[in-house]
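What follows is a short report on a single structure.
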Amino acid sequence: MMRAMALAEDLEIVVRGSRLRAQRWGSRSGPLVIGFPGLKGSAERFAFLGERLGSDELQLVALDPRGRGKSDKTAPGSYGWENHARDVLAIADALGTEQFSMIGHSMGGSVAMKTAELDASRLRRVVLIDIAGRVDRGVGAVIAGEIDDLRSTYDSVEQYLTHVRSGGLIEPWDKYWDRVHLADVTEVDGRFRHRTSPEAVEEDRAYTWTQHPYARWKYLTMPTLLVRASQEMRPGSGFVVPIADRDRFMREVPDATLVEVDANHLTIKRHAETANAIQSFLTAP
C-alpha cells in the first residue's frame, strides 16, 4: 500500500538574533534531517522530498535561509556559508537535537560541508544534491542570469510565472513548480518580485571565491551520498558536477555513495529516483 504524503508544518525559529522560517514534514519525534536549499531557494524547494521522506520515523526540516523566503533579511556581512552553517547548528539546538543528518542542494551542499567543517561530530549523514567541487565554465553564465532576475519586477504573479517558464530550465512544468515559484513571489508597491534579497545572494556567491572547492571534502568523515544530475543545467552549459569531479569525489571521500539521476540541476529535486535514493540512504542502519 502506498504511504500517504506527509503534510508540511510551518515553523518560525529565532536563532542567533534572526527569525528563520522553516517547514517540517514528518514527526517531531523522528530523527532530524535539515534541508538547506540552493542560492536563491527557500524551504518550498524541499516539498517534493519532504512529502515522501517525512514519516513517524523521520522529520525533514527545510529552511528559508536568512535573506530568502519569509526569513529575516539581515545586515551586510551576515551571510556566507559559515553564517548559514552556524544557523543550521543553532536550529538543531533549538529543536533539541545533538546529532542530525543534512540534505543540501547546490549552495546548500556547500553549507552542509561547512557545517561538517565546524563540527563533523554532529552530522550523522550528509546528502549532497548536485554539488561537489568546481562547476563547468558554462554554468556560471546560467547562474548569473538567475541572479540578475532577482531585481526584476512584474505586473502580476502570472507574468512572473510565465517568465520563469520561458527560461526553459524546468521541463516538464507541472503544478508542483507552480507551487514552488508562487512561494517565491511577494508584492511590493503594487509590483511583484522575488522574495530573495539580491544582496544576500551576491554576498553568498562572493563567499564562494574564498573557499577551496576540494579541500572541504576532507571534513566529510560521515557517510555521504552524492546525487548527481546527469543532464546539463542547460544544453551546452556543462554540469554543476563535472564527470572528472564526480570521479575525484568518489576517490577522495572515504564513505561516499553515488547515485546519478536523469534530470538537470533544478529538476533533480522533483525526481522520484532522488527521493528513493535519499530515503534508502538516510534510513540505512
Side-chain angles (χ1 to χ4, degrees), residues 35-41 45-46 49 65 80-82 84-85 88 101-118 120 123 125-147 169-170 201 204-271 273-278 280-282:
F36 206 100
L39 189 60
K40 65 176 193 176
R45 304 296 174 105
F46 279 88
L49 295 177
W81 302 344
E82 182 170 339
H84 291 307
V88 167
S101 296
M102 197 166 172
I103 304 172
H105 172 242
S106 196
M107 186 193 79
S110 296
V111 173
M113 287 185 270
K114 181 59 70 172
T115 305
E117 180 180 346
L118 293 179
L123 290 173
R125 290 174 179 260
V126 168
V127 178
L128 304 177
I129 302 181
D130 210 36
I131 185 71
R134 297 188 189 278
V135 302
D136 275 333
R137 185 178 298 274
V139 169
V142 181
I143 294 173
E146 291 284 292
I147 294 173
L169 293 176
I170 298 173
V201 167
D204 280 333
R205 195 172 188 216
Y207 187 90
T208 303
W209 311 121
T210 71
Q211 303 296 295
H212 192 288
Y214 305 116
R216 57 193 182 162
W217 293 352
K218 66 185 176 185
Y219 302 107
L220 294 173
T221 55
M222 66 296 298
T224 301
L225 172 65
L226 173 60
V227 185
R228 178 182 180 267
S230 62
Q231 295 178 17
E232 293 178 296
M233 190 167 185
R234 187 190 295 282
S237 71
F239 297 95
V240 176
V241 180
I243 291 172
D245 273 20
R246 174 201 67 187
D247 296 344
R248 179 175 176 177
F249 184 89
M250 296 306 296
R251 288 194 307 269
E252 296 186 11
V253 178
D255 198 357
T257 302
L258 171 69
V259 171
E260 297 194 284
V261 177
D262 185 19
N264 71 17
H265 184 67
L266 297 181
T267 59
I268 192 170
K269 299 188 303 299
R270 173 65 175 80
H271 203 289
E273 189 175 340
T274 300
N276 292 338
I278 293 174
S280 296
F281 176 73
L282 292 178

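No side-chain heavy atom of Met113 sits less than 4.5 Å from a side-chain heavy atom of Gln211. Using a 4.5 Å heavy-atom cutoff, the side chains of Leu226 and Val253 are not in contact. Side-chain contact check for Trp217 versus Arg248: some heavy-atom pair is nearer than 4.5 Å. Two residues are said to be in side-chain contact when any heavy atoms from C-beta on lie closer than 4.5 Å; Met107 and Ile131 fail this criterion.
Distance alone, capped at 3.5 Å, is enough to place a donor-acceptor pair between the Arg228 side chain and the Val241 backbone. For the pair Thr274 (side chain) and Ile268 (backbone), a donor-acceptor distance under 3.5 Å is present. Looking at Arg125, its side chain does come within 3.5 Å of a backbone N or O of Phe281 through a donor-acceptor pair. With hydrogens and angles disregarded, no donor-acceptor distance shorter than 3.5 Å links the side chain of Ser101 to the backbone of Val126. A donor-acceptor pair under 3.5 Å is absent between the side-chain atoms of Ser280 and the main chain of Ala277, judged by distance alone. Side-chain atoms of Thr224 come within 3.5 Å of backbone atoms of Met222 as a donor-acceptor pair (strictly under, hydrogens ignored). Panel note: side chain Arg216, backbone Pro213; a donor-acceptor pair is recorded below 3.5 Å.
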- Message: As a quick check of understanding, evaluate side-chain contact (heavy atoms from CB on, under 4.5 Å) for Ile278 and Ile129, giving each step before the final call.
- Response: CA-CA 10 Å; Ile278 293 174; Ile129 302 181; 4.0 Å; yes
- Step by step, would you call Ile147 with Leu39 a side-chain contact (heavy atoms from CB on, under 4.5 Å)? CA-CA 9 Å; Ile147 294 173; Leu39 189 60; 3.8 Å; yes
- Task: Start with the C-alpha distance between Trp81 and Thr208, add both sets of side-chain angles, then the distance that settles side-chain contact (heavy atoms from CB on, under 4.5 Å), and finish with yes or no.
- Result: CA-CA 8 Å; Trp81 302 344; Thr208 303; 3.5 Å; yes
- Message: Using side-chain contact (heavy atoms from CB on, under 4.5 Å), reason through Glu232 and Asp136 one step at a time and then give a plain yes or no.
- Response: CA-CA 10 Å; Glu232 293 178 296; Asp136 275 333; 5.9 Å; no
- In sequence, state the C-alpha distance, the side-chain angles, and the governing distance for Asp262 and Gln231, and then conclude on side-chain hydrogen bond (donor to acceptor under 3.5 Å, both in side chains). CA-CA 6 Å; Asp262 185 19; Gln231 295 178 17; 2.9 Å; yes
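A side chain to side chain donor-acceptor pair (under 3.5 Å) with Asp130 is found for one member of Lys269, His265, His105 and no other, namely His265. Across Val240, Val135, Asn264, a single residue satisfies side chain to side chain contact (heavy atoms under 4.5 Å, CB included) together with Met233, and that is Val240. Paired with Glu146 under the rule salt bridge (Lys or Arg N to Asp or Glu O under 4.0 Å), one option of Arg205, Lys40, Arg234 passes, and it is Lys40.
Across every non-hydrogen atom of Gly80 and Asp204, the tightest pair is N-OD1, 2.6 Å. Nearest heavy atoms, Pro65 versus Gly41: CD-O, 3.7 Å. Annotation for Val142 and Ser237: closest pair CG2-CB, 4.1 Å, computed over non-hydrogen atoms.
Expressed to the nearest 0.5 Å, how far CZ of Phe249 lies from OH of Tyr214 amounts to 12.0 Å. If you take CD on Glu117 and CG on Leu220, they are separated by 10.5 Å, rounding to the nearest 0.5 Å. Of the inter-residue distances, the one linking Thr115 atom OG1 with Met102 atom CE reads 4.0 Å to the nearest 0.5 angstrom. One finds the CD atom of Glu82 at 9.5 Å from the OG1 atom of Thr210 (value rounded to the nearest 0.5 Å). For the atom pair Leu225 CG and Leu128 CG, the distance stands at 8.0 Å (nearest 0.5 Å).
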